[in-house]
A.B. asks: 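Input: one structure, supplied below.
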Amino acid sequence: MSDHTAPDTTAYEEEVFEQKQVRLDKRAKLNDLGGLGGGAYPVEVPVTATIPAVRERWEHLTETPDSASGETVGIAGRVVFQRNTGKLCFASLQSGDGTRIQVMISLAGVGEDSLAQYKELVDLGDHLFVRGEVISSRRGELSVMVEEWRIAAKALAPLPNLHSELSEETRVRQRYLDLIVREQARVNVLTRAKTMASLRSTFAEQGFVEVETPMLQTMHGGASARPFVTHSNAFDTELYLRIAPELFLKRAAVGGLERVFEINRNFRNEGADSTHSPEFAMLEAYQAYTDYHGIADLTQTLIQNAALAANAGTEREGSHTVLWADGTLFDLGGEWDRISMYGTLSEAVGREITPSTSVEELQTLADEQGVEVRLPNHGKLVEELWEHFVKDGLTRPTFVMDFPVETSPLTRHHRSIPGVVEKWDLYVRGFELATGYSELVDPVVQRERFVEQAAQAAKGDDEAMRVDEEFLRALEHGMPPSGGMGMGMDRLLMALTGLGIRETILFPLVK
RNA sequence: GGGCCUGUAGCUCAGCUGGCAGAGCAUCGGACUUUUAAUCCGCGGGUCGCGGGUUCGAGCCCCGCCGGGCCCA
């Protein structure tokens with residue numbers, strides 16, 4: 001064992017604390033706390049009850065001010081308010097869920113020395129343990145009359161101002177502060193957790209198996225996106241962070257996992273803005289012996305159950321109508337419409353648009369309406385026109401079915417309508433929440449598509465896929481006819497809560 | 001990629017036409033046994049995002065860079 005010199009923490013601390021008087025003062029208190037049992041960071045404190053439990057059990061005391069329960073509890077929480085007077089001090093302790101309770105430290109209760117030490121050493125933001133009787137104050141506030149107190153964990157950095165909102169940037173960069181001071185931040189975390197649990201529960205009810213497939217891949221595929229590249233020292237090779245789990249989940253399907261799903265992170269090396277994050281949680285699911293209609297049924301059930309879960313314990317218990325952050329009520333219930341892209345576009349423009357409508361005719365239509373299109377081909381034009389004429393009119397969750405072949409080159413062709421693929425996008429209030437397919441399982445056709453993609457890549461398209469021989473070999477062993485679906489988890493949370501993407505992610509990537 | 005807004009004390013923000021760097025809360029010292037953002041007295045606290053320029057003088061005007069937000073593509 002090599003001997004190592006102790007790191008020179010003193011110099012570092014001097015530097016850190018030097019400029020910040022607040023921290024300097026608090027550090028001085030650390031030394032004082034060293035003289036007390038346990039110091040500033042005791043390994044444990046003798047808690048006998050949680051703050052919410054104490055509140056629930058003795059809430060009735062608030063109806064009779066200045067009364068005593070006769071029972072003693074030991075509780076701990078963060079000091080979020082302090083009102084110190086000469087011989088009687090008040091503090092509010094907050095537990096992790098935001099529940100608060102008042103504690104009272106009096107000369108009569110703890111004695112002169114302990115009271116003086118309390119006033120000297122305990123600051124806003126510290127974790128404090130107290131033991132004492134549960135009482136109500138003269139004003140009727142549920143309180144613990146302290147007989148003994150201890151620092152549970154000293155805070156060196158000061159708590160932010162509790163009476164004004166944190167700025168957007170501080171919320172994101174120091175989410176722990178956001179969680180301490182803002183109820184909605186705590187609710188958001190719980191809503192996300194409840195949503196995830198609900199999805200897994202719905203999948204379990206329907207006989208799906210959850211798997212985890214590689215995030216580090218020797219070849220990226222399953223979507224059109226630019227990947228992050230990294231390097232493996234052990235293999236001395238480049239590896240890609242996955243842009244989608246699709247090609248591995250389909251291998252699982254070949255192996256006999258007839259109902260399989262994964263909820264995990266994807267990474268796309270592209271722009272980050274208020275609706276796009278470079279890393280994002282994605283759900284993908286594959287179900288054998290169904291098609292894009294069956295997988296749409298599944299998707300609707302998953303989201304409606306998630307809405308129920310988000311409403312559990314609220315006044316909307318049992319309802320599919322969710323409450324958004326801006327106060328809007330949004331109904332996710334009922335049977336969702338399934339509309340045809342060509343059909344609704346034709347209706348909207350008052351003339352028949354089909355997969356065989358010419359590029360010229362579509363371009364004229366686009367020009368007339370001032371719709372700008374960069375890459376004029378039939379599919380691109382149809383999608384742009386559809387978005388322009390139809391999309392914004394959708395108020396309820398809607399599956400938009402049957403897309404042009406050109407814009408979905410990797411997708412299975414429609415069984416009866418030429419020029420169209422068996423694909424849907426699920427739109428919820430203007431954005432694409434999920435996408436589903438009758439999966440392409442023909443290894444010969446799949447190979448052709450890969451070869452076309454590889455040609456695009458050779459021409460410099462760094463979003464195009466390469467020929468994945470290992471995946472093709474799997475497909476050649478036969479994948480059952482299947483429906484597949486992908487859904488962004490952050491977007492699902494946005495649909496359930498009306499929040500921006502940075503609020504749905506606990507720690508969004510920031511520079 | 002384009003346009004607009006923004007960065008000042010630990011936190012949230014003012015700062016006029018270019019003229020000594022400000023407030024509330026927090027911190028520090030003092031008083032107070034029923035406070036609810038307690039009150040009262042007193043004291044501190046700044047790389048005005050960074051770099052350049054104009055000017056007698058720049059938080060403010062100009063240029064570049066960095067961070068954040070909104071809209072558009």
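We name chains A, B, ... by the order of the sequence lines, and we start the count at 1 in each one.
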A.B. asks: Say we look at B:C48 and B:G22: how far apart would their C1' atoms be, to the nearest angstrom?
C.D. replies: 12 Å
A.B. asks: Would you kindly give the CE-to-C1' distance between A:M145 and B:U33, to the nearest whole Å?
C.D. replies: 9 Å
A.B. asks: Output the single nucleotide from B:A26, B:C11, B:C28 whose closest atom is nearest the side chain of A:L166.
C.D. replies: B:C11
A.B. asks: Have a look at A:S92 and say if it touches a base, only the backbone sugar-phosphate, or nothing, with a 4.0 Å heavy-atom cut-off.
C.D. replies: nothing
A.B. asks: Considering only B:U36, B:C32, B:C28, which nucleotide approaches the side chain of A:D123 most closely?
C.D. replies: B:C28
A.B. asks: Counting only heavy atoms not in A:E165 (residues, nucleotides, ligands), do more than 12 fall under 6.0 Å from its CD?
C.D. replies: no
A.B. asks: Using whole Å, report how far CG of A:L124 lies from P of B:G24.
C.D. replies: 18 Å
A.B. asks: The side chain of A:S137 lies closest to which of these nucleotides: B:U36, B:C11, B:C28?
C.D. replies: B:U36
A.B. asks: Can you tell me which nucleotide in B:U33, B:U34, B:A38 comes closest to the side chain of A:R83?
C.D. replies: B:A38
A.B. asks: Identify the nucleotide, in any strand shown, that forms a Watson-Crick or G-U wobble pair with B:G64, with both distances under 3.5 Å; if there is none, say none.
C.D. replies: B:C50
A.B. asks: Which nucleotide wins on minimum distance to the side chain of A:S106, given the candidates B:A26, B:U33, B:C28?
C.D. replies: B:U33
A.B. asks: Using the P atoms only, state how far B:C65 lies from B:U27, rounded to an integer number of Å.
C.D. replies: 42 Å
A.B. asks: Under the criterion side chain to side chain contact (heavy atoms under 4.5 Å, CB included), which of A:R268, A:H220, A:Q217 is the partner of A:P227?
C.D. replies: A:H220
A.B. asks: What is the distance, to the nearest angstrom, from the CD atom on A:E503 to the P atom on B:G68?
C.D. replies: 16 Å
A.B. asks: Using atom C1' in both nucleotides, what's the gap between B:G57 and B:C66 to the nearest angstrom?
C.D. replies: 28 Å
A.B. asks: Counting Watson-Crick and G-U wobble pairs only, both distances under 3.5 Å, name the nucleotide matched with B:C25, or none.
C.D. replies: B:G10
A.B. asks: Look at all strands and tell whether A:E165 reaches a base, only sugar-phosphate, or nothing, counting heavy atoms closer than 4.0 Å.
C.D. replies: sugar-phosphate
A.B. asks: Let's see if you can work this out: which of B:A26, B:G29, B:C25 has an atom nearest to the side-chain heavy atoms of A:E120?
C.D. replies: B:G29
A.B. asks: Rounding to an integer number of angstrom, what distance separates B:G15 and B:G1 when you compare their P atoms?
C.D. replies: 33 Å
A.B. asks: Quick one: pull up CD in A:E432 and CG in A:L426 and give me the separation to the nearest 0.5 Å.
C.D. replies: 9.0 Å
A.B. asks: Distance between the C1' atoms of B:A38 and B:C32, in whole angstroms?
C.D. replies: 11 Å
A.B. asks: Please figure out whether A:F81 or A:M104 has its closest RNA chain B nucleotide nearer the 5' end.
C.D. replies: A:M104
A.B. asks: How many whole angstroms separate atom CD of A:E141 from atom C1' of B:U34?
C.D. replies: 11 Å
A.B. asks: In whole angstrom, what separates A:E168's CD from B:C13's P?
C.D. replies: 11 Å
A.B. asks: Between B:G68, B:G10, B:U34, spot the one nearest the side chain of A:N161, thanks.
C.D. replies: B:G10
A.B. asks: Determine the interatomic distance between C1' on B:A14 and the same-named atom on B:U8; round to the nearest Å.
C.D. replies: 10 Å
A.B. asks: For the side chain of A:S346 and the backbone of A:Y342, is there at least one donor-acceptor N/O pair under 3.5 Å apart?
C.D. replies: yes
A.B. asks: Rounding to a whole Å, what distance do you find between A:E387:CD and B:A73:P?
C.D. replies: 11 Å
A.B. asks: Quick check on RNA chain B: between A:S164 and A:S143, whose nearest nucleotide comes earlier from the 5' end?
C.D. replies: A:S164
A.B. asks: Distance between the C1' atoms of B:G19 and B:U6, in whole angstroms?
C.D. replies: 26 Å
A.B. asks: Do A:T344 and A:W386 get their side chains close enough for a donor-acceptor pair, meaning under 3.5 Å?
C.D. replies: yes
A.B. asks: Please work out if A:N84 contacts a base, only the sugar-phosphate, or nothing of the nucleic acid, heavy-atom cut-off 4.0 Å.
C.D. replies: base
A.B. asks: So if I take every side-chain heavy atom of A:P158 and compare against B:G68, B:A26, B:U33, which nucleotide ends up nearest?
C.D. replies: B:A26
A.B. asks: Among A:I135, A:D66, A:V134, which residue satisfies the side chain to side chain contact (heavy atoms under 4.5 Å, CB included) criterion with A:L61?
C.D. replies: A:V134
A.B. asks: Does the gap between the ring centers of A:F399 and A:W424 come in under 6.0 Å?
C.D. replies: yes
A.B. asks: Any side-chain N or O of A:S167 under 4.0 Å from OP1/OP2 of B:U12?
C.D. replies: yes
A.B. asks: Send over the distance from A:E169 CD to B:U8 P, rounded to a whole Å.
C.D. replies: 9 Å
A.B. asks: Using atom P in both nucleotides, what's the gap between B:C50 and B:C60 to the nearest angstrom?
C.D. replies: 11 Å
A.B. asks: Base, sugar-phosphate alone, or nothing: which one does A:L162 contact when heavy atoms must sit under 4.0 Å apart?
C.D. replies: nothing
A.B. asks: How many whole angstroms separate atom CD of A:E384 from atom C1' of B:C72?
C.D. replies: 14 Å
A.B. asks: Look at the side chain of A:T170 and decide which nucleotide, out of B:U12, B:U33, B:C25, has an atom nearest to it.
C.D. replies: B:U12
A.B. asks: Do A:T497 and A:W324 have side-chain atoms, one donor and one acceptor, less than 3.5 Å apart?
C.D. replies: no
